[in-house]
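Encoded as structure tokens, the structure appears first; notes follow it.
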Number of protein chains: 2
Amino acid sequence: MKKIEKRYFAACDCPITAAMDIIGGKWKHIIIWILMDEPKRFGELHKTIPGIALKVLSRQLKELEADGIIIREAFPQVPPKVVYSLSEKGRSLNDVMQSLASWSRANIMEPVIN
Amino acid sequence: MKKIEKRYFAACDCPITAAMDIIGGKWKHIIIWILMDEPKRFGELHKTIPGIALKVLSRQLKELEADGIIIREAFPQVPPKVVYSLSEKGRSLNDVMQSLASWSRANIMEPVIN
DNA sequence: CAGGATCCTAAACGATACTG
DNA sequence: CAGTATCGTTTAGGATCCTG
């Protein structure tokens, strides 16, 4: 599916591209980071991530689900309730995320709070 | 400079964005990965990374230099010679890169060789 | 509440030609 | 050799409205 077309660099011996392909982009890593804490509903994610458009959040979630990183669980009730959580594979990204976080904290100056 | 405009998520408590901002994109992590091995000239990088356009490689290198990740050393001779290498800060990304690489190797199926 | 549909913008990416 | 200039393409990201 999607991933196949997007994986350009298997030719070079850079084994990082696969991971970057999954956590790359403007929001994916943030979503994963948040879900690493605990499962969340769609609306919660939307509120937790300031600035993300509904459609974008929706699509990112779908892509992460397609990549086997997160699990979407829909409860058939009115109003609807959908809970997103990390899969086993998603949770295996923890080391990567911690590594990224610790480098960020060590190397980045003051964040822009506003 | 550039980084400031591009850092959107300091508001959320996701400390990963800073690192993703630097190694994100389609090529940055590949360039860093290659330079992690040894310094390379512009043309070598171009040959080592199949598919990257000259203009794109050039701009990525400039951005990485601006972020303090790589060092550009130009030798004033004809024909010109320019060598790119990782700075101390760039080399400090090694843990992150190894972490990404090991996750990728563990989780990704067959790369598309062609 | 969770999101799909539609339309739009900005920016990333790319191919080719050219220059100091 | 190491790029820059120019132009074109692609796609991620976004605003708004609508629906089961």
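Just so we're clear, the structure is a prediction, and the values are computed from it rather than from any experiment. Naming: A, B, ... by sequence-line order, numbering from 1 per chain.
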Within the pair [X] and [N], is there a side-chain N or O less than 4.0 Å away from OP1 or OP2?
X       : N      : value
B/Lys26 : C/dG14 : yes
A/Arg41 : C/dC1  : no
A/Gln60 : D/dG13 : yes
B/Ser58 : D/dA2  : no
B/Arg59 : D/dA2  : no
B/Lys62 : D/dT4  : yes

Looking at D/dC1, D/dA15, C/dA15, which one has an atom nearest to any side-chain atom of B/Pro79?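 Selected nucleotide (nearest to the side chain): D/dC1.
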
Closest to the A/Pro80 side chain: D/dG20, D/dG3, C/dG14?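 Nearest to the side chain of A/Pro80 among the choices is D/dG20.
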
To the nearest angstrom, how far is [X] atom [atom1] from [N] atom [atom2]?
X       : N      : atom1 : atom2 : result
A/Leu54 : D/dC17 : CG    : C1'   : 11 Å
B/Trp27 : C/dA11 : CH2   : C1'   : 16 Å
B/Ile52 : C/dA15 : CD1   : P     : 11 Å
A/Met20 : C/dA12 : CE    : P     : 14 Å
B/Asp21 : D/dA12 : CG    : C1'   : 15 Å
B/Leu57 : D/dT4  : CG    : P     : 10 Å
B/Glu44 : D/dA2  : CD    : P     : 8 Å
B/Lys55 : D/dT4  : NZ    : C1'   : 10 Å

Which part of the nucleic acid, if any, lies within contact of [X], taking any heavy atom under 4.0 Å across all strands shown: a base, the sugar-phosphate backbone alone, or nothing?
X       : answer
B/Gln77 : nothing
A/Val82 : sugar-phosphate
A/Tyr84 : sugar-phosphate

Minimum heavy-atom distance between [X] and [Y], given as atom pair plus value:
X       : Y       : result
A/Glu63 : A/Lys28 : OE1-NZ, 3.0 Å
B/Met36 : B/Leu93 : CE-C, 4.1 Å
A/Ser87 : A/Gly68 : OG-O, 2.6 Å
A/Ile23 : B/Met20 : O-CE, 3.5 Å

Basic-acidic side-chain contact under 4.0 Å: B/Glu88, B/Arg91: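 Salt bridge: yes.
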
